[in-house]
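Here the structure comes first, spelled out in structure tokens, and everything after it is commentary.
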Protein chains: 2
Amino acid sequence: MIKKSSKQRDAIIQSVKNRRDHPTADEIYAQLRESYPNISLGTVYRNLAKLSEAGFITRISCIEGADRFDGDTSSHYHFQCITCRKICDIDMDVDTNLNAKVEKLLDAHVDDHMAMFFGTCCKCKGLAKI
Amino acid sequence: MIKKSSKQRDAIIQSVKNRRDHPTADEIYAQLRESYPNISLGTVYRNLAKLSEAGFITRISCIEGADRFDGDTSSHYHFQCITCRKICDIDMDVDTNLNAKVEKLLDAHVDDHMAMFFGTCCKCKGLAKI
DNA sequence: ATTAAATTAGTAACAATTATTATTATTGAG
DNA sequence: CTCAATAATAATAATTGTTACTAATTTAAT
Ligand SMILES: [Mn+2]
Ligand SMILES: [Mn+2]
Ligand SMILES: [Zn+2]
Ligand SMILES: [Zn+2]
């Protein structure tokens, strides 16, 4: 799929890998424009799609708004605050033998699973009390 | 939020509750047009949003394409086939004490969590062998 | 260096969703 | 049971997130 290199793509990988905030395509675009003033939003979308398909990064689809991307491809769960909409990682073991369990239940082949916890983050929890 | 009733909304609830296939707004619209030929797609979107916000139904966001809706609001996990894109329920206990675990880890308030398993369903698995 | 293919920027097109507006339906007070 | 208040609707326009297209540029193999 990916056959040649480009500095735009390298910068996109770098951006996603360096950030911990699960950015959207638009947020990555905004960041990259500082170093590459005429990078195209289409290039960002195209490469994020290619990179996630190739497994270099992970795509996270959200109920509200744009997809988000994660440079950490290790299996881990996420939490999303229903107030500020921020997503953060959960430092908790992923139950990988659930995959085998589901395979048997459905007679399917299971590659992986993802989990998203919903609630109010510590910051927004605090603000609500004021 | 919801202050008056309407037969369109009632029909939307009924549709989502009766189906087991986690339909999109468009699919619900297509079904309802048979009995309500001049129902508006906007009405379907608006009510699905209201109903899921009010907790009558659940919204499921997918990586590809439109959001899907589930009339079964009980906590359960889903499986999505990466080939045919169909979503089905998994008849497996939901680990609810994970919520408390995450609350402690993040010092957040956790309402719930969802999980999606990805892979190839039994049908698509079979077809691949032919 | 030559050349073919991949990638890009820029723009147009697209699909999913939301907002607007004028009209209709529901509801509760009198 | 009226009838005004207002919530909900159909139709349509607008917005958002994303993908497709095209010509120009960059990459990498010869
Ligand atoms: Mn993450
Ligand atoms: Mn379900
Ligand atoms: Zn928050
Ligand atoms: Zn399938």
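Values below: all heavy atoms of this structure, side chains included; hydrogens, waters and symmetry mates excluded.
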If you compare all heavy atoms of B:G71 against all heavy atoms of B:K17, which two are closest, and at what distance to 0.1 Å? O-NZ, 2.9 Å
In degrees rounded to 10°, what angle is found between the helical axes fit to the five outermost pairs at each end of the helix from C:dA1-D:dT30 to C:dG30-D:dC1? 40°
Interatomic distance, B:D67 CG vs C:dT17 C1' [rounded to whole Å]: 9 Å
Can you tell me if the side-chain N/O atoms of A:R9 get under 4.0 Å from OP1 or OP2 in C:dT7? yes
Shortest non-hydrogen contact from B:S52 to B:F69? OG-CE2, 4.4 Å
Answer whether the closest heavy-atom distance between the side chains of A:R59 and A:L48 falls below 4.5 Å. no
Among A:D70, A:I13, A:L51, find the residue that satisfies the side chain to side chain contact (heavy atoms under 4.5 Å, CB included) test when tested with A:I57. A:L51
Pairwise distance OG(B:S61) to CD1(A:I60) - rounded to 0.5 angstrom: 10.5 Å
Between the side chain of A:K125 and the main-chain N/O of A:T120, is any donor-acceptor distance below 3.5 Å? no
Which parts of residues 19-36 of chain B get close to DNA chain D, meaning a heavy atom less than 4.0 angstrom away? none
For D:dT9, does either OP1 or OP2 sit under 4.0 Å from a side-chain N or O belonging to B:N47? yes
Are A:Q8 and D:dT26 close enough that a side-chain N or O sits under 4.0 Å from OP1 or OP2? no
Is the shortest side-chain N/O distance from A:Y45 to OP1 or OP2 of D:dT19 below 4.0 Å? no
Tell me whether the count of non-hydrogen atoms from other residues, nucleotides or ligands lying under 6.0 Å of NZ in B:K123 goes above 12. no
With a 4.0 Å cutoff (strictly under), does any side-chain N or O of B:R46 reach OP1 or OP2 of D:dA8? no
My understanding is that a hydrophobic cluster links ILVMFWY residues whose side chain heavy atoms are under 4.5 Å apart, including indirect links. Using that, what else belongs to the cluster containing B:I63? none
Can you check whether A:K50 has a side-chain N or O nearer than 4.0 Å to OP1 or OP2 of C:dA6? no
Using the side chain to side chain contact (heavy atoms under 4.5 Å, CB included) rule, take A:D72 and A:T58 through it: C-alpha gap first, then chi angles, then the decisive distance, then the call. CA-CA 7 Å; A:D72 178 1; A:T58 305; over 6 Å; no
Given DNA chain C, 5'-ward residue of the pair A:I2 and A:P37, judged by closest heavy atom: A:I2
Review item, nucleotides 25-27 of chain C N/O atoms under 3.5 Å of protein N/O:
| residue | atom | partner | partner atom | Å |
| --- | --- | --- | --- | --- |
| C:dT26 | O2 | B:K4 | NZ | 2.9 |
| C:dT27 | OP1 | B:S5 | OG | 3.1 |

Short heteroatom pairs, N/O only, protein and nucleotides 28-30 of chain C, under 3.5 Å:
none

Can you name the closest pair of heavy atoms from A:Q31 and A:S15 and give their distance? OE1-OG, 3.0 Å
Taking distance alone, no hydrogens or angles, what donor-acceptor pairs closer than 3.5 Å link side-chain atoms of residues 33-42 of chain B to residues at least two apart or in another chain?
| residue | atom | partner | partner atom | Å |
| --- | --- | --- | --- | --- |
| B:R33 | NH1 | B:Y29 | OH | 3.3 |
| B:S40 | OG | B:G42 | N | 3.0 |

Can you name the salt bridge (Lys or Arg N to Asp or Glu O under 4.0 Å) partners of A:D111, sequence neighbours left out? none
Heavy-atom nearest pair, A:P23 first then A:I28, reads CG-CG1, 3.7 Å
Any residue in residues 52-65 of chain B with a heavy atom nearer than 4.0 angstrom to DNA chain C? Just list them by number, or reply none. none
More than 12 heavy atoms of other residues, nucleotides or ligands under 6.0 Å from CZ of A:F118: is that the case? yes
Can you tell me how far C1' of D:dT9 sits from CG of B:N38, to the nearest Å? 10 Å
Answer with yes or no whether the hydrophobic clustering places A:L106 together with B:I82; edges join I, L, V, M, F, W, Y residues whose side-chain heavy atoms lie under 4.5 Å apart. no
Closest of C:dA9, D:dA8, D:dA11 to the A:T43 side chain is C:dA9
Show each protein N/O and nucleotides 11-14 of chain C N/O combination with a separation under 3.5 Å, one pair to a line.
none

Write out all pairs satisfying ring-ring contact (aromatic ring centres under 6.0 Å, His included) with one or both partners inside residues 79-109 of chain B, taking only residues at least two apart or from two chains. none
When the side chains of residues 4-12 of chain A are checked against the rest of the protein, which donor-acceptor pairs come out under 3.5 Å, sequence neighbours left out?
| residue | atom | partner | partner atom | Å |
| --- | --- | --- | --- | --- |
| A:S6 | OG | A:R9 | N | 3.0 |
| A:R9 | NH1 | A:N47 | OD1 | 2.8 |
| A:R9 | NH2 | A:K4 | O | 2.3 |

Taking the side chain of A:A66 as heavy atoms from C-beta outward, which of D:dA11, D:dG17, C:dT17 is closest to it? D:dG17
Under 3.5 Å, which donor-acceptor pairs do the side chains of residues 83-98 of chain A form with other protein atoms, sequence neighbours left out?
| residue | atom | partner | partner atom | Å |
| --- | --- | --- | --- | --- |
| A:D89 | OD1 | A:H22 | NE2 | 2.8 |
| A:D89 | OD1 | A:H76 | NE2 | 3.1 |
| A:D89 | OD1 | A:H78 | NE2 | 3.0 |

Any link between A:I2 and A:V16 through a network of hydrophobic side chains (Ile, Leu, Val, Met, Phe, Trp, Tyr) touching at under 4.5 Å? yes
